[in-house]
Amino acid sequence: VEQLGAAYPICNDSSLAYGLLHRLDKNTSGALLCAKTYEAYFHAKLQFAARRVLKHYVCLCHGLLPMSPRLLDVPLHTTRVHGGWRSVADPTGRKA
């Protein structure tokens with residue numbers, strides 16, 4: 001944060017969580033969404049508040065897979081695994 005603060009002042013602003021906006025899928029990867037400017041921070045906050053944010057995911061796999069694109073559209077259920085949480089495909093889960 002200190003290194004970014006010179007170029008991006010919001011990174012020094014504790015009142016706005018140092019520009020951290022959202023933790024995407026906290027039960028899985030936990031990727032963070034951060035703003036580089038105050039304008040971007042407030043614009044993104046409005047988009048989340050208005051529920052206008054659409055999330056698209058890329059599945060990374062190890063090994064050989066067919067080259068054709070695939071759409072994964074299955075409900076997810078959060079379950080406790082080894083002291084943590086994980087999302088798994090489950091017909092009784094919530095739509096992703």
Side-chain angles (χ1 to χ4, degrees):
V1 171
E2 291 174 7
Q3 293 173 341
L4 295 172
Y8 308 108
I10 194 168
C11 293
N12 289 322
D13 193 338
S14 63
S15 69
L16 295 178
Y18 305 100
L20 298 175
L21 283 155
H22 187 70
R23 184 170 176 191
L24 305 171
D25 293 326
K26 64 182 177 180
N27 295 328
T28 57
S29 66
L32 297 172
L33 178 63
C34 305
K36 290 170 39 175
T37 67
Y38 285 95
E39 180 182 5
Y41 178 87
F42 289 111
H43 181 73
K45 281 298 227 187
L46 285 172
Q47 295 300 308
F48 276 102
R51 304 194 56 80
R52 297 189 46 90
V53 175
L54 298 175
K55 301 174 189 175
H56 296 272
Y57 301 87
V58 174
C59 178
L60 301 177
C61 301
H62 180 74
L64 299 175
L65 294 172
M67 293 300 291
S68 61
R70 294 179 181 217
L71 175 65
L72 300 175
D73 187 17
V74 296
L76 298 177
H77 174 74
T78 304
T79 184
R80 193 163 184 85
V81 178
H82 304 294
W85 294 94
R86 169 174 256 153
S87 294
V88 296
D90 185 327
T92 64
R94 291 185 356 197
K95 183 170 172 53

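The figures that follow rest on heavy atoms only: side chains count, while hydrogens, waters and symmetry mates do not.
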Are a donor atom and an acceptor atom from the side chains of Asp13 and Tyr38 found within less than 3.5 Å of each other? yes
Mind checking the NE2-NZ spacing from His22 to Lys45? Nearest 0.5 Å is all I need. 9.5 Å
Determine the minimum heavy-atom distance between Ala35 and Ile10, stating which atoms define it. O-CG2, 3.5 Å
Please find the pair of heavy atoms, one from Pro75 and one from Gly93, that lie closest to each other, and give the distance. CB-O, 3.4 Å
Leu33 CG to Tyr41 OH distance, which is reported to the nearest 0.5 Å: 10.5 Å
In terms of hydrophobic clusters joined by side-chain contacts under 4.5 Å, are Val74 and Val88 together? no
Please give me the minimum heavy-atom distance between Ala44 and Leu21, naming the atom from each residue. CB-CD1, 3.6 Å
Counting only heavy atoms not in Arg52, do more than 12 sit closer than 6.0 Å to its CZ atom? no
When rounded to the nearest 0.5 angstrom, what is the spacing between SG in Cys11 and CG in Leu16? 11.0 Å
